[in-house]
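This report concerns only the one structure given below.
All heavy atoms count here, side chains included; hydrogens, waters and symmetry mates do not.
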Amino acid sequence: MTQAPAAVINKNLSSLKNSISCFTTRTRTSTTSKPIHKLFTHKTFQETRPNNNQQPTSKNPHPRTQQQNLISLIKSGTQNSLLQIHAHLIRTSLLQNPTFSLHFLSCLCFSPFRDLRYSRHFFSQIDKPSASHYSTLIRAYSSSNSPKDAFFLYKEMTQKGLKPDPVSSSFVLKSCMKFSSLVCGLQIHGRILGDGFQSDSLLLTTLMDFYSSFASRDEACKVFDEISKKDTVAWNVLISCYLRNGRTRDVLILFDSMKNEGACKPDDVTCLLVVQACANLGALDFGEKVHGYIEECGYGVSLNLRNSLIAMYSRCGCLEKAYGVFKGMPEKNVISWSAMISGLAMNGYGRDAILAFEEMQRMGIVPDEQTFTGVLSACSHCGLVDEGMEFLHQMSKEFGIEPNIHHYGCMVDLLGRAGLLDQAYQVIISMGVKPDATIWRTLLGACRIHGHVTLGERVIEHLIELKAQEAGDYVLLLNIYSSDGKWEKVTELRKFMKEKGIQTTPGCSTIELKGVVHNFIVDDISHPRKHEIYDKLDEINKQLKIAGYVAEITSELHDLGAEEKAHALSYHSEKLALAFGVLATPPGTTIRVTKNLRICVDCHNFAKFLSGVYNRKCSFEFRVE
DNA sequence: TTAGGGTTAG
């Protein structure tokens, strides 16, 4: 219904006053074409019980039959017929009959032409709305763009002393998630306990999801513990909570315990979440294990699972497997193609990514926002400045997609890497989207590569303005100064950082072997095989020196003597991880190291020499958990 | 006195 409901009703009411008697029905379920007034009368509908003394005749049908007729009329009502029925309900006072008004309200709320304003108007005409009336409207509001109204209705009904049912409580909780109000949700939690719904596992599952969406992991876990019969969905919500709230490693443990303890069999959704966790961790072995499980259970047909497998393999640096999954898909949608394009781009196959983009369009798949993010990042990885500009233009002109912060971020990266720092700065200044810390940091990284001191300082000011400056940003600026030989500035900044208590995040490298994740920090001595690792590292250093490796000591640690620098560099976390990799894998293996910080130039060289001397392929992934 | 609920892809 597109017209204003009140006006429509009034107009229809006046025209219907005279015409309702000649209104005939033609509905989907009712085959009758009798005039509506012959199907039911005012008198009979005020009675809700059939009068047994009255013999039904063809002229005067049984009241119950008449009731059923009206209900089926309402249920199958079209936009116009509902307006007429509404008028009839008012005229005959049947609107105050709880059964009819409830049927009518549900129809208004959930029919294909539903109109919430009209539903609300109708609701206001009911003298004494029941809990069911409230529930119906609450449900409608919870899936609308005014979810707050669901909460207000819930409050109103409880204040009137009406008891909500578990289903409407669940809908209201979902509404609170939508309008992001923890406080409102907490009130509902209290009420749920008061209403005695604490054993309703579906409702508690919604409650877990509610807490999870507000990063209240502990609360979500408490609710999980309270669920007496935990089914797969409850486990899935718990897993999704861990995934959302940065406890990614525990997701793998939860998956194993579901599988091994056999209490609840992981389903396709579980696998989807675990595959995402593997992608975040770069845990290739575990990801492959889950992939195997997916095939074993026959979940492999699911499009969304295959799409996340493509993303997982790509993010773990295993492009062949990503492509294998992609190729084996009988049907591919825009998400499959975008995942493959991004995968190619992030693994350094920028030109192939662009070819895939062209192939996708030949197949008739229309690209979306995220496809272009992949394409633009492909350009930035290959240094294709002109092509990137062209794609950005094509995106808005041909596909009507306005560039978002990610697209601009790619452009800044592209221009920045190419050394066009001023142009990159101009993009941020004039992009018409509020710059975030990430985009400034991208530019700061480019300043570091090209040693651009003044712009670097300006970028830090912008980050400070956003109150988003992190220790890592100052470290980048330190590196910019030192690469330019500005030692006084270095000392000054160091002093400033010390005074402000700015602590740098320790670099942490991660390596996954046989499904077990091993972490290393600089000079780490916590690993059970630390002695072997340090011995191996000494040996590797000697071997690499013979092969021509020289420690790169120019910019990272300027204020130490050359020998001290070389020593400090030798125990960087990535070197410890690599040494462990050499120790624990046979030649020919790919050693995949994940880092929370960018890898330094020296470790990069170290890895390059190591691959040749020890016959291992080394790959690094930069990942923040 | 109706039907209705929870997790999920790039």
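For A:R139, the listed nucleotide lying nearest its side chain is B:dG4; candidates were B:dT7, B:dG4, B:dT2. Considering only the side chain of A:T99, B:dT1 comes nearest among B:dG10, B:dT2, B:dT1. Picking from B:dG10, B:dT2, B:dG4 the nucleotide with the shortest atom distance to the side chain of A:V167 gives B:dG4. Listed nucleotides B:dG5, B:dA9, B:dT2 differ in distance to A:H103; the shortest reach to its side chain belongs to B:dT2.
Salt bridge annotation for A:R592-A:D285: absent, with no cationic side-chain nitrogen under 4.0 angstrom from a carboxylate oxygen. Salt bridge status for A:K289 with A:D256: present, with a side-chain N to carboxylate O gap under 4.0 Å.
Remark: the A:N304 side chain and the B:dG10 base include no donor-acceptor N/O pair separated by less than 3.5 Å. Contact annotation: side chain of A:S132 to base of B:dT2, donor-acceptor pair present below 3.5 Å. At a cut-off of 3.5 angstrom, the base of B:dG6 holds at least one donor-acceptor pair with the side chain of A:D231.
Every residue meeting the ring-ring contact (aromatic ring centres under 6.0 Å, His included) condition with A:F104, not counting sequence neighbours, appears here in chain and number order: A:H86, A:F122. With sequence neighbours left out, A:N347 forms a side chain to side chain donor-acceptor pair (under 3.5 Å) with no residue at all. Contacts of A:F399 classified as ring-ring contact (aromatic ring centres under 6.0 Å, His included), with partners at least two apart in sequence or in another chain: A:F372. Shown here are the salt bridge (charged side-chain N to carboxylate O under 4.0 Å, His left out) partners of A:E219, two or more places apart in sequence or in another chain: A:K222.
Distance A:K75 NZ to B:dT2 P: 8 Å, rounded to the nearest Å. If you take CG of A:D267 and C1' of B:dG6, they are 12 Å apart, rounded to a whole angstrom. Atom P of nucleotide B:dA9 and atom CG of A:N333 are separated by 12 Å, given to the nearest angstrom. In this structure, A:M340 places its CE atom 15 Å from C1' of B:dA9, rounding to the nearest Å. To the nearest angstrom, C1' of B:dG6 lies 15 Å from CG of A:D165. When rounded to the nearest whole Å, the span between CG of A:L173 and P of B:dG4 equals 21 Å. If you measure from atom NZ of A:K265 to atom P of B:dT7, you get 21 Å, rounded to the nearest angstrom.
At the heavy-atom level, A:D368 lies under 4.0 Å from base atoms of the strands shown. Counting non-hydrogen atoms under 4.0 angstrom, A:F171 reaches the backbone sugars and phosphates but no base. Residue A:L203 is in base contact, counting any heavy-atom pair closer than 4.0 Å across all strands shown. Contacts of A:S302 with the nucleic acid, taken as non-hydrogen atoms under 4.0 Å apart, are absent. Within the 4.0 angstrom heavy-atom criterion, only backbone atoms of the sugar-phosphate kind lie near A:V237; the bases stay farther away. Heavy atoms of A:V334 sit under 4.0 angstrom from at least one base atom.
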Anything under 3.5 Å between a donor and an acceptor, one on a side chain of residues 318-330 of chain A, the other on a protein residue two or more places apart or in another chain? List them.
from: A:K321; atom 1: NZ; to: A:E288; atom 2: OE2; distance (Å): 2.7

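Within residues 206-223 of chain A, the residues that have a heavy atom under 4.0 Å from DNA chain B are, in order of number, A:T206, A:D209.
A donor-acceptor contact closer than 3.5 angstrom is absent between the side chains of A:S302 and A:D268.
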